[in-house]
Amino acid sequence: MTSAGEHPGHDASSTTVERRPVTIVVPIYDDLDGLLACLRSLIQHVDFGIDRVILANDAGPNADVIETAVLRQIDGHRGFEYHRNDLNLGFLGNCNNVVLNLDHSGNDVMLLNSDTVVTAGFLDEMAAVLDLSETHGVVAPRSNNATIATIPHLRRNLHAPMTLSRTSAVHAAVAPLLPRFTIAPVAMGFCFLIRRELIDRYGLFDERFSPGYGEENDFCLRINEHGYASLLANRALVFHTGSTSFSGDRGPSLRFAHEKVLIERYPHYVGALQLYQHVGRDPVDRFADAFLPGDHTSRIAIEVTPEATAEALPWAERIAVGLHEGIALTVLVPRSRLAAAKAAIPSATVRDISTAREVFDVVVGAGAVTSLSRLLRLNELAPRLVVVDADMPRDARWARRVAGSQEEAVRRLSREYADHRVASHTVESVVEALHVMSASRIDVETLRRRWSRLIDIGAAAGLTMYPKRATLRRRAALLAASRTPRITRWLRSVFIRA
């Protein structure tokens, strides 16, 4: 064991808050450049008057070089403690060894990947969220690369590079609009703050997940069965490079094998993740990329249903031609109409609606929205909804009114929750409405009201289901993928994401 000198060094600040101290554990294996960037950020942003850092070198292939560089980096900075394992323990074993055998401080514990860069105030905010309730067990920050903790999680332009500056800008824009924390099924292990008493009571990582992947999810789900929550601290930001520990096919193979263990131990896990996306995640979070577009292009989608008349495609083309420069139009159609739509609408991007993975600034429901499944789909595509629904005289015949009562109810809902309704299908009226909507600000309260109401209606109607266990198809795919690393990516695209 080596401790850094007692010189004050470059402490981020003096002790200014009253909270429980934290021991930050950084497991080290390789990737020296990433590690040094992590250490520089810790030196800058950790208050060593409160907290301490333990660095654990896991005897990787370049252990000597890394040790020399690390000791040089932390020399003169108090609050660092350095250990080197005699043998490689693997990521999970390294974490367990430090937390259970080497750290005798009694502090809460943060496990921090060596490929991270922390930012100002991250630890104070995460510790504050942990301390808000005795049932708060684990806290993770937001990040550029951390699955459900990623911000922006969904993107407007899938072809634009996802940079650290972009994540930082979007986070700064939406963090004040988000709740201070979000309760999630699991917290992300790249930066994982744990209440110490839970480790003392329930242990840390299960060796079944050695050498790594899935161990943090297992811990979160295990403590949740005892009533403790995992949270995302929405005002804390930590950058993360991502999987650098396992190269080639080993990483995907481990992920698949360990995911299979998770869904066997916790059958509700898949449903919990889906429920979180709809009910747990704030819609501002879902559409975060639209709150700070980052370009001068407004991205609008028009959805054309299978029932739409033959005139719908030329109508969409005339709208595309009539829009101002700076508006990018995407026409979403069912796969059965894709070829015809591409031929009829050369002035816009035409996509199969089932493959749409991005979010838009505005979505347009062309024609009366009379299907609840369609309304739910529009709700998930953009933070602003425009309905093109002309007024029609009410049919006086009760037989017709009874037969169409369900469709009429959905139509009323679509009008109630739309940000804007266009009462005419003329190209001029729709183009004018889209110009207005593309320049308007997102109304957060309208968005939240629409989102929560429609999600609840979909669940009550049985259209939105949260499975109580993973399907046999998914479990079989995971088993095959874990045993056949060379086809893991193909299996994921064909079976798991289908």
Side-chain angles (χ1 to χ4, degrees), residues 148 153-154 178-179 181-186 221 224 227 229-230 232 263 266-288 301 303 305-307 332 334 353-354 356-357 359-360 362-389 394 398 400-421 442-471 473-474 497-498:
I148 63 173
H153 181 62
L154 298 173
L178 293 174
F181 64 86
T182 303
I183 298 176
V186 295
L221 295 166
N224 182 245
S230 301
L232 305 183
I263 63 177
Y266 312 99
H268 63 279
Y269 179 46
V270 174
L273 290 174
Q274 294 179 18
L275 182 63
Y276 165 75
Q277 297 291 354
H278 282 152
V279 178
R281 184 189 293 276
D282 191 291
V284 172
D285 195 349
R286 177 183 179 85
F287 297 114
E303 186 226 30
T305 66
E307 301 79 20
L332 300 172
I353 193 167
S354 67
R357 296 291 180 264
V359 294
F360 299 90
V362 180
V363 64
V364 181
V369 180
T370 57
S371 160
L372 184 55
S373 60
R374 184 186 180 202
L375 182 56
L376 296 176
R377 183 167 65 244
L378 293 170
N379 185 45
E380 294 187 356
L381 285 170
R384 287 168 287 198
L385 170 62
V386 173
V387 174
V388 182
D389 184 8
R394 172 173 287 185
W398 279 102
R400 293 285 183 88
R401 292 177 64 181
V402 169
S405 60
Q406 185 177 28
E407 289 80 2
E408 188 58 33
V410 176
R411 189 173 184 175
R412 287 194 298 271
L413 283 173
S414 71
R415 290 180 169 190
E416 178 181 354
Y417 290 107
D419 294 81
H420 189 80
R421 182 173 76 90
I442 299 170
D443 187 320
V444 173
E445 294 311 312
T446 296
L447 170 62
R448 285 189 173 128
R449 185 167 59 250
R450 183 191 90 201
W451 181 269
S452 61
R453 177 66 171 156
L454 294 183
I455 289 296
D456 285 348
I457 290 172
L463 291 179
T464 307
M465 304 292 290
Y466 306 106
K468 295 180 180 179
R469 64 179 299 112
T471 63
R473 185 185 189 190
R474 183 185 184 100
R497 291 179 177 172

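Side-chain atoms are counted along with the backbone in the values below, which use heavy atoms only and exclude waters and symmetry mates.
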K.L.:
Provide the closest heavy-atom pair for Ser354 versus Arg357 in the form atom of the first, atom of the second, distance.
P.N.:
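For Ser354 versus Arg357, the nearest heavy atoms are O-NH1, 3.1 Å.
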K.L.:
Would Tyr266 and Val186 count as a side-chain contact (heavy atoms from CB on, under 4.5 Å) if you check the C-alpha gap in whole Å, the side-chain angles of each, and the deciding distance to 0.1 Å?
P.N.:
CA-CA 12 Å; Tyr266 312 99; Val186 295; over 6 Å; no
K.L.:
What's the spacing between Ser405 OG and Trp398 CH2 if we round to 0.5 Å?
P.N.:
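Interatomic distance, Ser405 OG to Trp398 CH2, rounded to 0.5 Å: 10.5 Å.
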K.L.:
Over 60° means perpendicular and under 30° means parallel, so classify the ring planes of His278 and Tyr466, tilted if in between.
P.N.:
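Rings of Tyr466 and His278: perpendicular, over 60°.
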K.L.:
Does any part of the side chain of Leu454, heavy atoms only, come nearer than 4.5 Å to the side chain of Tyr417, both counted from C-beta?
P.N.:
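Tyr417 reaches Leu454 side chain to side chain.
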K.L.:
Supply the atom-to-atom distance Ile442 CD1 to Asp419 CG, rounded to the nearest 0.5 angstrom.
P.N.:
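Here the interatomic distance stands at 9.0 Å.
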K.L.:
Below 4.0 angstrom, N of the basic side chain to O of the carboxylate: do Glu416 and Arg453 qualify?
P.N.:
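No, this pair does not count.
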K.L.:
Measuring from Thr464:OG1 to Ile457:CD1, what's the distance to the nearest 0.5 Å?
P.N.:
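With rounding to 0.5 Å, OG1 (Thr464) is 10.5 Å from CD1 (Ile457).
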K.L.:
Which pair of non-hydrogen atoms, one from Gln274 and one from Pro467, has the smallest distance, and what is that distance?
P.N.:
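Looking at all heavy atoms of both residues, the closest pair is OE1-CD, 3.4 Å.
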K.L.:
Could you walk me through whether Thr182 and Arg281 pass the side-chain contact (heavy atoms from CB on, under 4.5 Å) test, one step at a time?
P.N.:
CA-CA 7 Å; Thr182 303; Arg281 184 189 293 276; 5.5 Å; no
K.L.:
What's the shortest heavy-atom distance between Arg450 and Asn379, and which atoms?
P.N.:
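Closest approach of Arg450 to Asn379, heavy atoms only: NE-OD1, 2.7 Å.
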K.L.:
Taking all non-hydrogen atoms of both residues into account, name the closest pair between Leu332 and Ala301 and its distance.
P.N.:
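Result for this residue pair: CD1-CB, 4.0 Å.
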K.L.:
Nearest 0.5 Å, please: how far is CZ in Arg415 from CG in Leu413?
P.N.:
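It is 12.0 Å, given to the nearest 0.5 Å.
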K.L.:
Can you tell if the side chain of Arg384 reaches within under 4.5 Å of the side chain of His420, non-hydrogen atoms only?
P.N.:
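No, every pair of side-chain atoms sits at 4.5 Å or beyond.
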K.L.:
Tell me, do Arg401 and Arg394 make a side-chain contact under 4.5 Å, heavy atoms counted?
P.N.:
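Counting from C-beta outward, Arg401 and Arg394 do come under 4.5 Å.
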K.L.:
At what distance, to the nearest 0.5 angstrom, does CH2 of Trp451 lie from CG of Leu376?
P.N.:
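That separation rounds to 9.5 Å.
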K.L.:
Measuring only between side-chain heavy atoms, which start at C-beta, is Ile148 closer than 4.5 Å to Gln277?
P.N.:
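Counting from C-beta outward, Ile148 and Gln277 do come under 4.5 Å.
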K.L.:
With heavy-atom distances below 4.5 Å as the criterion, would you say the side chains of Pro179 and Asp282 are in contact?
P.N.:
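Result yes, sub-4.5 Å side-chain heavy-atom pair found.
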K.L.:
Looking at Arg400, I want to see if its CZ is surrounded by more than 12 non-hydrogen atoms of other residues, nucleotides or ligands under 6.0 Å.
P.N.:
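Counting neighbours around CZ of Arg400, 12 or fewer heavy atoms of other residues, nucleotides or ligands fall under 6.0 Å, so no.
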K.L.:
So, for Leu372 and Ala461, which heavy atoms are closest and what is the spacing to 0.1 Å?
P.N.:
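Minimum heavy-atom contact is CD2-CB, 3.8 Å.
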K.L.:
How long is the gap from CZ on Arg374 to OG1 on Thr305, to the nearest 0.5 Å?
P.N.:
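The OG1 atom of Thr305 is 5.0 Å from CZ of Arg374, to the nearest 0.5 Å.
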K.L.:
Side chains of Arg411 and Val387: closer than 4.5 Å at any heavy-atom pair?
P.N.:
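They are not in contact (no side-chain heavy atoms under 4.5 Å apart), so the answer is no.
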K.L.:
Do Leu375 and Leu385 have side chains that get closer than 4.5 Å, going by heavy atoms?
P.N.:
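They are in side-chain contact.
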K.L.:
How far apart are the closest heavy atoms of Leu178 and Asp285, and which atoms are they?
P.N.:
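Closest approach of Leu178 to Asp285: CD2-N, 3.6 Å.
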K.L.:
Just so I know, are the side chains of His268 and Leu221 near enough to count as touching, which here means a heavy-atom distance under 4.5 Å?
P.N.:
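They are in side-chain contact.
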